[in-house]
Structures are given as C-alpha cells and as structure tokens.
Amino acid sequence: PRMAENKEKLREDLRKENKSCFILGASGETGKELLKELVKNRIFSKVTIVGRRKLTFDDEAYKDVVQEVVDFDRLDEYSSAFQGHDVGFCCLGTTKAKSGEAGFIRVDHDYVLKSAQLAKAGGCTHFNLQSSKGADKSSSFLYLRVKGEVEAEIEHLDFDRYTIFRPAFLMCDRAENRLGERIFQTVLTPITYLFPTVLSVPVTTVVKAMVNNAALRNDKKVEILENKAIHALGRA
Ligand code: NDP
C-alpha cells in the first residue's frame, strides 16, 4: 500500500507540472496501450500523437488527444509537430519481413533518429525510446545492430533525460497476423509461467513501466531498462 500511495503522489506531482507529451507509433501494439494509459491517468495535460495517418477513436476519453499527421520521409517539413512537448515516447518500428531490410532501417533508424532530433530542437527534455533486448551496435544481426545504433545516436543528442527500454518478446493480442510470433507466443507460455521476466513481457507491463518511470524524479541522465527492470517498474 505504501508503494501505491507513493506512486499516486508522484503522479499527482507530475500532473501539477502541466507537462505535455507526444507518442510516436500510437497505432502500434505498445503505442496504443501507452496512449490508453495516458488518457486514463491524465498525468500529462496534453497528449499529442504523431503518425503517418489519422486515427479514429470511438471513446469520448480520447477527445482531447491532439493528432499530427506527418510524412516521415520529409520530416523536416513537419518540425512544428515536434514543437513544445516536454516528454516524448517512441514506440515506432517495423520488421524486415514486412518492409524489407532497407525499409526496416528507414523506419527503425532514420525515422526514429530524425524524430528525436526534431523533438530535441522543439524543447523535449525527456525522451523515451522503445528499443529491444539485445540491442547492440556491434551485433552481427541487423535488427540488434540497428537498435543499438539508434540508441547510441540518440544519446548523442544529449537530452536532459533519456530512457531506453529494452523489452524482450512483447506479449499482446497482436492485431496484425504474424504467424511466427503467434507460434512463439504459444511456445513461450509455459516458460513465461515459470520464468516470467526472462524471455517476454506483456505490453501492458511495458507501458506501465514507461508511465511510472516518467513520474519518477531521477537525476540519471541516461537510463537503460532491461527486461527484468521493466517487469519490476511495471509492477510497482
Ligand atoms: P507495432 O508493429 O505494433 O507498431 C509499429 C508502429 O510504427 C505503428 O504505429 C506503425 O504505424 C508505425 N510504423 C511502422 N512502419 C511505419 C512507416 N513506414 N511509417 C510510419 N510509421 C510506421 O510495434 P510494437 O508495439 O510491436 O513494437 C514497438 C517497438 O518495440 C518496435 O521498435 C519493435 O522493434 C520493438 N520491439 C518489439 C518486440 C516484439 O516482440 N514485437 C520485442 C522488443 C522490441 P501504422 O499503424 O501506420 O503502420
């Protein structure tokens, strides 16, 4: 109960600061869960979602969400979309299977880095990047290397605060049909039951970790949250 009380106090403090935030990838599995959480908790006085298409929400609770539709290939022309947000959350990404190797690099590296640069120029002080378990700029696996590179390049932008989330396999009811992931999720179920923090993490836990962490006062400039830490923070 003390922890819950403390969490509520931290959230209340953040609310009083009237901060604004933006989400990249709000139509994705993590992003939409994060948006739901932020709409519910109202810890930010303004929430903007930045994406390539306009989303529709039936729920009244979303009526104050601001939408910025941008062309990610010409982001410089949309710098105003990144203006004036205190906190940024990036949950953008595609896969090699879906977009090919060049497409994957374009989204997971180029779009992510450019967005971070514009956010920094626009006054963002806390940038949150959803990366991946195993991200490593010297990896021989393209996926892990790109994740590691973009992590490092964003670090060079020198945000006042920069949080990197490195979740393992995301457990969710994915809208998109990815057969491989569905099989993997089924195989994982018993392992997850026995060792819940090793190979996977529910998307709901990731977004709770993001929200709890944003409300924490922390003087660490760069934080890397590995899968286990995400579980702990998401539970707190
Ligand atoms: P999703 O694939 O569910 O969503 C991706 C988001 O990125 C969507 O909002 C999508 O928009 C946007 N996006 C994709 N391609 C483009 C594009 N070409 N132009 C503009 N926007 C685009 O993401 P997840 O929540 O599954 O994953 C989020 C991040 O976490 C990714 O970086 C992923 O690599 C990483 N990750 C994933 C794991 C997993 O198990 N799946 C494990 C660890 C990390 P739109 O709806 O318009 O397509």
Side-chain angles (χ1 to χ4, degrees), residues 22-35 49-55 68-79 81-82 88-120 127-157 159 162-185 187-188 199-203 206-207 210 222 224-227 230:
F22 72 92
I23 305 173
L24 285 156
S27 55
E29 294 299 337
T30 313
K32 73 180 173 206
E33 205 57 41
L34 176 63
L35 177 61
I49 58 179
V50 182
R52 61 171 159 180
R53 58 197 174 91
K54 187 154 195 284
L55 307 180
E68 296 281 1
V69 176
V70 302
D71 176 348
F72 281 92
D73 286 320
R74 300 186 338 200
L75 268 185
D76 275 319
E77 295 168 26
Y78 296 85
S79 58
F82 296 88
F89 297 95
C90 179
C91 308
L92 208 65
T94 186
T95 60
K96 215 166 74 174
K98 203 167 152 185
S99 307
E101 196 169 302
F104 166 71
I105 297 171
R106 194 164 65 234
V107 176
D108 287 59
H109 177 275
D110 302 356
Y111 293 175
V112 169
L113 179 60
K114 188 76 215 174
S115 300
Q117 285 167 339
L118 293 173
K120 169 75 186 178
F127 194 80
N128 294 272
L129 175 68
Q130 179 169 13
S131 178
S132 168
K133 175 183 164 90
D136 174 2
K137 60 180 192 295
S138 48
S139 173
S140 47
F141 294 103
L142 174 81
Y143 178 81
L144 299 176
R145 186 172 69 243
V146 168
K147 295 291 185 192
E149 282 169 354
V150 80
E151 279 186 358
E153 283 162 290
I154 293 176
E155 189 172 340
H156 283 134
L157 298 178
F159 282 99
Y162 173 37
T163 312
I164 297 168
F165 294 85
R166 287 187 181 160
F169 183 77
L170 297 173
M171 304 289 263
C172 59
D173 230 335
R174 195 167 284 281
E176 180 197 335
N177 194 348
R178 294 183 189 165
L179 180 63
E181 288 203 5
R182 265 196 295 140
I183 295 170
F184 190 57
Q185 190 153 329
V187 173
L188 265 184
L199 292 177
S200 65
V201 61
V203 160
V206 176
V207 307
M210 287 175 173
V222 181
I224 299 183
L225 299 175
E226 298 288 351
N227 199 54
I230 294 172

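Just the heavy atoms: all of them, side chains too, but no hydrogens, waters or symmetry mates, feed the values below.
Side-chain contact between R145 and L142: present, with at least one pair of heavy atoms (C-beta onward) separated by less than 4.5 Å. Inter-residue side-chain proximity for D73 and R106 is flagged as met; some heavy-atom pair is nearer than 4.5 Å. Put simply, the side chain of Y111 does not reach to within 4.5 Å of the side chain of L24, judged on heavy atoms. The shortest distance between side-chain heavy atoms of D108 and V150 does not fall below 4.5 Å. Between V222 and F159, every side-chain heavy-atom pair lies at or beyond the 4.5 Å cut-off.
Taking NZ from K137 and CD from E153, the interatomic distance works out to 9.5 Å, rounded to the nearest 0.5 Å. For the atom pair F127 CZ and T163 OG1, the distance stands at 10.5 Å (nearest 0.5 Å). Rounding to the nearest 0.5 Å gives a distance of 11.0 Å between CD of Q130 and CD of E29. Distance check, rounded to the nearest 0.5 Å: NZ of K147 to CZ of F141 gives 15.5 Å. Rounded to the nearest 0.5 Å, atoms CG (L92) and CZ (R52) are 8.5 Å apart. The distance from atom CG of L118 to atom CG of D76, rounded to the nearest 0.5 Å, is 6.0 Å.
With D136 as reference, S138 is the one residue of S132, S138, S139 to meet the side-chain hydrogen bond (donor to acceptor under 3.5 Å, both in side chains) rule. Each of L34, I23, L225 was compared with M210 under the side chain to side chain contact (heavy atoms under 4.5 Å, CB included) criterion, and only L34 meets it.
Nearest heavy-atom pair, V203 versus C172, reported as atom, atom and distance to 0.1 Å: CG2-CB, 3.7 Å. Closest heavy-atom contact between N227 and A168: OD1-N, 2.9 Å. Considering every non-hydrogen atom in both G31 and C91, the closest pair reads N-CB, 3.9 Å. Considering all non-hydrogen atoms of both residues, G51 and F72 come closest at C-CE1, 3.8 Å. In terms of heavy-atom proximity, P167 sits nearest to I230 at N-CD1, 3.6 Å. T94 approaches S99 most closely through the heavy-atom pair OG1-OG, 2.7 Å.
By the neighbour-count criterion of 12 heavy atoms within 6.0 Å, atom CG of D71 is densely surrounded, having more than that number from other residues, nucleotides or ligands.
In this structure, Y162 contributes its side chain and E151 its backbone to a donor-acceptor pair below 3.5 Å. A side-chain donor-acceptor contact under 3.5 Å links N128 to the backbone of G88. No donor-acceptor pair closer than 3.5 Å links the side chain of Q185 to the backbone N or O of F169.
With salt bridges taken as basic N to acidic carboxylate O contacts below 4.0 Å, one links R166 and E226.
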